[in-house]
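Note that the coordinates shown come from a computational prediction; the quantities given were computed from them, not determined experimentally.
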Amino acid sequence: MATGTEPHLNSGGVRTPTRAAIDRPHLRTDRWWLAPAVTAAGLLAFVVYSTWRAFANTDYYAAPYVSPFYSPCLAENCEPMRSGPNWEIFGGWWGLSPALLILIFPLGFRLTCYYYRKAYYRGFWASPPACAVAEPHKKYTGETRFPLILQNIHRYFFYAALLVACILTYDTVLAFRDEHYEWGHMGVGTLVFLVNIVLIWAYTLSCHSCRHIVGGQLKHFSKHPVRYRMWQWVGKLNARHMQLAWVSLVSVALADFYVYLVASGAFDDPRLF
C-alpha cells in the first residue's frame with residue numbers, strides 16, 4: 001500500500017503527500033490532448049492574423065465597407081470614411097495604426113470571457129490540460145494575483161463590447177450603400193457584414209455577465225416577468241456560449257479579410273442589387 005512518502009510525491013502540485021499515490025500521470029486512454037491542441041492552434045492563428053492586420057494600417061476601408069478591426073476610428077490618421085465612424089478623439093499625435101486604439105475593448109472582452117479563460121488556460125498554460133489530467137504547475141493561485149486578477153473586470157469590458165457591437169451595427173447599415181454612397185444597394189460584403197453582426201450580438205449577449213445583469217439579484221421572478229423572459233432568452237444563448245465564441249471569432253476575421261481583399265484590389269465586391 002502506498003504510504004504517501006515516496007520521493008515522487010514531494011515534487012509539489014498534485015504530487016504531494018496529501019494526494020493519492022498514483023505512479024501514472026493520469027488514467028485517461030483517449031486522445032485528451034487533441035482538444036487543447038486544436039484550441040491553441042485556432043487561437044494562435046487568430047492572434048497572428050489580427051496582429052498583422054492591426055499593425056498593417058492599410059487596406060481597411062473600401063466604400064462602403066470598413067473593417068471591424070478599425071471601427072470606430074479614433075485618430076486623424078484614418079482613411080476618411082463618408083458618414084462613417086470617424087471620431088478623432090486622439091487628434092493627430094497618434095502615429096501608429098488606429099486599430100490599436102479600439103481593439104483593446106473587444107480583445108479585453110474576449111480575454112476575460114469565462115469560456116476563453118478556459119480555452120487559453122488549457123491550450124497554452126496546461127492549467128489543467130484536460131479533465132482528470134494533472135497540470136504541471138506546482139502552485140495554484142487562481143485569479144487572485146496580477147495579472148489574472150484583472151479577469152474580474154470582465155463585466156466592464158462587457159459594457160464596452162455593447163458599445164462596439166452598436167458601432168458595428170451602424171457599419172452594417174452603411175453597407176447597404178454602393179461605392180458612390182448611394183442607398184438601396186447590396187453586395188456580397190453586405191451579407192458578410194450581416195452574418196458577422198448577428199454572430200457578434202449573439203456572442204455578446206450570451207455572456208455570463210449579461211445573464212447576471214438581466215436576471216441576477218432577483219428574489220422573485222414572478223414579480224419581474226419581463227426580466228425573467230429576457231433571462232430565459234439570454235440563458236438559451238449562454239448554453240451555446242462556446243460555439244458562439246468561436247463562430248464570432250471566425251466571422252469578425254473573415255469580415256476584415258473580405259474588406260482587405262476589396263480594398264487591396266484583389267477583386268471587386270459583387271453586387272446583388
Side-chain angles (χ1 to χ4, degrees), residues 8-9 11-16 18-20 22 24-52 54 69 100 103-162 164-165 199-200 202-213 216 234-235 237-253:
H8 74 281
L9 293 177
S11 57
V14 296
R15 306 295 184 188
T16 61
T18 58
R19 297 297 185 99
I22 301 176
R24 299 175 61 183
H26 59 80
L27 301 178
R28 294 187 62 167
T29 58
D30 61 327
R31 291 182 291 182
W32 57 267
W33 49 267
L34 185 59
V38 171
T39 298
L43 292 178
L44 184 61
F46 179 81
V47 168
V48 172
Y49 173 80
S50 60
T51 301
W52 165 59
F69 287 1
L100 302 178
L103 282 180
I104 184 61
F105 299 107
L107 179 62
F109 178 58
R110 290 184 183 264
L111 279 177
T112 57
C113 165
Y114 291 115
Y115 167 70
Y116 280 115
R117 294 188 210 180
K118 169 189 170 182
Y120 62 76
Y121 284 178
R122 289 188 173 187
F124 293 109
W125 298 341
S127 181
C131 293
V133 178
E135 61 179 273
H137 310 288
K138 295 182 179 180
K139 295 182 179 180
Y140 176 76
T141 59
E143 297 173 343
T144 62
R145 296 182 180 179
F146 183 84
L148 295 186
I149 195 172
L150 297 178
Q151 305 281 28
N152 295 315
I153 64 176
H154 177 60
R155 169 173 292 194
Y156 302 102
F157 276 119
F158 167 72
Y159 297 142
L162 284 178
V164 172
L199 293 176
I200 289 294
Y203 166 66
T204 304
L205 297 179
S206 71
C207 171
H208 294 75
S209 292
C210 178
R211 190 168 184 259
H212 177 73
I213 292 170
V234 172
L237 287 176
N238 182 258
R240 299 288 185 268
H241 194 51
M242 180 185 72
Q243 294 87 342
L244 292 171
W246 276 107
V247 294
S248 63
L249 192 72
V250 173
S251 71
V252 72

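- Side chains of N152 and T112 form no contact here, defined as non-hydrogen atoms less than 4.5 Å apart.
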Under the side chain to side chain contact (heavy atoms under 4.5 Å, CB included) criterion, do L111 and Y116 qualify, and how do the steps go?
-> CA-CA 6 Å; L111 279 177; Y116 280 115; over 6 Å; no
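- A ring-centre distance under 6.0 Å is found for F109 and H154.
- Taking the side chain as every heavy atom from C-beta outward, T39 and R122 never approach each other to under 4.5 Å.
- Scanning both residues, R117 and Q151, for their nearest heavy atoms gives NH2-O, 2.9 Å.
- Residue N238 holds its CG atom at 10.0 Å from OG of S209, rounded to the nearest 0.5 Å.
- When every heavy atom of L148 is checked against every heavy atom of G142, the shortest pair comes out as CD1-O, 3.7 Å.
- Put simply, the side chain of P129 reaches to within 4.5 Å of the side chain of E135, judged on heavy atoms.
- Below 30°, between 30° and 60°, or above 60°: for W52 and Y49 the angle between ring planes is above 60°, a perpendicular geometry.
- The number of heavy atoms from other shown groups lying within 6.0 Å of CZ (F124) is above 12.
- Looking at V133 and P128, their side chains never come closer than 4.5 Å, going by heavy atoms from C-beta outward.
- Atom-to-atom distance recorded for R155:CZ and I213:CD1 is 4.5 Å, nearest 0.5 angstrom.
- Contact of the T204 side chain with the L162 side chain is registered, since non-hydrogen atoms from C-beta on lie closer than 4.5 Å.
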Show your reasoning for whether side chain to side chain contact (heavy atoms under 4.5 Å, CB included) applies to F46 and V252.
-> CA-CA 10 Å; F46 179 81; V252 72; 4.1 Å; yes
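- To the nearest 0.5 Å, the span separating CZ on R211 from CG on L205 amounts to 13.5 Å.
- Side chains of Q243 and Y115: no donor on one and acceptor on the other come within 3.5 Å.
- V247 is not listed as a side-chain neighbour of V250, based on a closest heavy-atom distance of 4.5 Å or more.
- Note: H241 and Y203 meet the aromatic proximity criterion, with ring centroids under 6.0 Å apart.
- Between the CD1 atom of I104 and the CZ atom of F157 there is a distance of 5.5 Å, given to the nearest 0.5 Å.
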Evaluation steps, side chain to side chain contact (heavy atoms under 4.5 Å, CB included), between L44 and Y120 = CA-CA 10 Å; L44 184 61; Y120 62 76; over 6 Å; no
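- S248 is listed as a side-chain neighbour of R110, based on a closest heavy-atom distance under 4.5 Å.
- Around atom CZ of R28, more than 12 heavy atoms belonging to other residues, nucleotides or ligands sit under 6.0 Å away.
- Contact record, L150 with F146: CD1-CE1, 3.7 Å, taken as the closest heavy-atom pair.
- A165 and I200 get closest at one heavy-atom pair: CB-CG2, 4.2 Å.
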